[in-house]
Amino acid sequence: MIYNAFFGFREEPFGITPNPRFFFLSKGHEDALAHLKFGISENKGFVMITGEIGSGKTTLMKYFIDKLDDKTHTSVILNPKVYPLELLKSINRDFGIKCDGSTYDDLIACLNDFLIDSYSKGQKAVIFIDEAQSMSTESLEFVRLLSNLETNTKKLLHIVLLGQPELRDIIGDQKMKQLDQRISVRYHIGPLKQDEIKRYIQHRMTKAGSIAAFPHTSKSVEMIYRYSRGLPRLINIACDRILLTAYSEGQIKISDKIVKIGLKELGLKDNGVRIYILASLIFLLGMILIYNKKPEFDFESILLKTGPDKAAEKTVKKERFTMDSEGMVMVSDPADAKDASFLTLLNHWGEVNLPLKQGAEEIAKERGYSIYSFDNDWEKLFKLNMPCIIHSKEDSISKWSVLLWIVDRDAVVFEPVRGKMIVPVSYLKNSVSGFVMLWKNKYNNAEKILELQEYLIMEGYFKKPKTGVFGDYTKKTLMKFQKEKRIPASGEFDEETMLVMSKDKFTPEIFPREDKKGRAE
């Protein structure tokens, strides 16, 4: 760019070509990245990321691919408007698959062999399809069929669909029902908030080698926000024109005037016109009220941009508790969040036909569950390795949600008011005040000491015949077991010890069973 040397840039700071080196991790893009990581790490098969034109989907994809290790094979489809056979050829070519035949069956067989070989080596294969909203129904159905390439327990192929908002409507159509049901991880990237734009601009200028020309004032940022609506590509176009305007006038420092001139050249209109129209409407409404004349049209709908239908929707009574297709219990009133969290956790344990009402703790007890609570002790949480209800406080108000999974450094959390989301574990560590676990107590009976000794015999700790009496030898062997399991070695058959001994292969865990290494340090 002609102004690079003038401002001291090593390269163009606001190019519109997706460049992962300039990737800015806004809150929305951080969440989208976490969804991508979760979908691939958890072998979810399909992931769908949507966003408006210029929201940064392609840059996000390239950034994510750059961070993948050499055990992950990738195929990137940038032009999906092709027939399924051509799409299959492109996928095989990207994966480096050499195939003797050229028919559909030949290519599928070669792809399947490649995937099985990769799986045997502990490798993964991911297909990224950009601008997926442009795909034909035939090609989307072909992609769904590709996801059938799997073992008895694992998906051999991961598919990431990236597209504009209409992709959600396309996938949601009745004809695409089978594909829609396979997309278990989806996220929509929203625009940048106004307070993120200043950091976005500074980030790109720093990457380009200079921040001398950065427009510091809130007025400049507000004008850029009005033009761009928070979309990164439009922010880039705006800043490029502003820098060009400053360069043409020989101004090394960007002023509000320079910003205004640059954006006016791009078509940004002055707020004065909007203010004049709004003031006129308010004046007209005032005159009508003065003369007690009934308005012939709905001024509230005009000023608030809500039509009569939307106004009517506000009066519709919502159900207190609702359950989504995954068994997550949603509420509109945060006061019901604790009950909804208990019901959701019960569903996660496999309980069905749950009554959607208050008093969920009693429902859990009626179904044979014990409740174990402890403070913000993450070491204990990782050791017990079970999903739980998490309690936190925001402005002295209690908040309840469910911790479902932890993958790498991200946690999958369900909040009954807002739904499922992925948040960094580091954030939870600073906000959570306590945990509540549900568990099936196998030792809640009169024969518990006999069963304890039987368990210790099976585990190789107890070397004598079981007696059903809690004597010194039983206490000694129990303490040895507690120490090795990193349970407080009290020598008592306490609640935490019973919980650990009660776990079996049917007990849900927060860390994936096939990956015990990720402990989110």
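Index from 1, following the sequence.
Listed by chain and residue number, Q194, I197 satisfy the side-chain contact (heavy atoms from CB on, under 4.5 Å) test with Y225 (two or more places apart in sequence, or in another chain). Applying the side-chain contact (heavy atoms from CB on, under 4.5 Å) criterion to E150, with sequence neighbours excluded, gives K155. With sequence neighbours excluded, no residue satisfies side-chain contact (heavy atoms from CB on, under 4.5 Å) with K476. Every side-chain contact (heavy atoms from CB on, under 4.5 Å) that T467 has, sequence neighbours left out, goes to Q453, V469. Taking K121 as the reference, D117 meet the side chain to side chain donor-acceptor pair (under 3.5 Å) condition, with sequence neighbours excluded. Judged as a salt bridge (Lys or Arg N to Asp or Glu O under 4.0 Å), and not counting sequence neighbours, the contacts of R21 are E11.
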Name every donor-acceptor pair, under 3.5 Å, that has one atom in a side chain of residues 56-63 and the other anywhere in the protein, sequence neighbours excluded.
from, atom 1, to, atom 2, distance (Å)
K57, NZ, G51, O, 3.1
K57, NZ, E52, O, 3.1
T58, OG1, D130, OD2, 2.6

Got a list of side-chain donor-acceptor pairs under 3.5 Å for residues 346-358, not counting sequence neighbours?
from, atom 1, to, atom 2, distance (Å)
E351, OE1, R367, NH1, 3.0
E351, OE2, Y369, OH, 2.7
Q358, NE2, D336, OD1, 3.4

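Judged as a salt bridge (charged side-chain N to carboxylate O under 4.0 Å, His left out), the pairs with a partner in residues 411-420 (not counting sequence neighbours) are, in order, E326-K420, E415-R418. For residues 422-457, every residue pair satisfying the ring pair (Phe, Tyr, Trp, His ring centres under 6.0 Å) rule, not counting sequence neighbours, is listed here: F374-F435, W378-F435, Y443-F493, Y455-F481. Here salt bridge (charged side-chain N to carboxylate O under 4.0 Å, His left out) pairs that include residues 461-473, with residues two or more places apart or in two chains, are E454-K466. Under the salt bridge (charged side-chain N to carboxylate O under 4.0 Å, His left out) criterion, the residue pairs touching residues 439-451 are K442-D504, with sequence neighbours excluded.
A salt bridge links R186 with D180: at least one charged nitrogen is closer than 4.0 Å to a carboxylate oxygen.
Heavy atoms from other residues, nucleotides or ligands lying under 6.0 Å from CD1 of I53 number 12 at most.
Without hydrogens or angle criteria, Q181 side chain to Q178 main chain gives no donor-acceptor distance under 3.5 Å.
Between E379 atom CD and L384 atom CG the span is 10.5 Å, to the nearest 0.5 Å.
Under the 3.5 Å distance criterion, with hydrogens and angles disregarded, no donor-acceptor pair is assigned to the side chains of T344 and S341.
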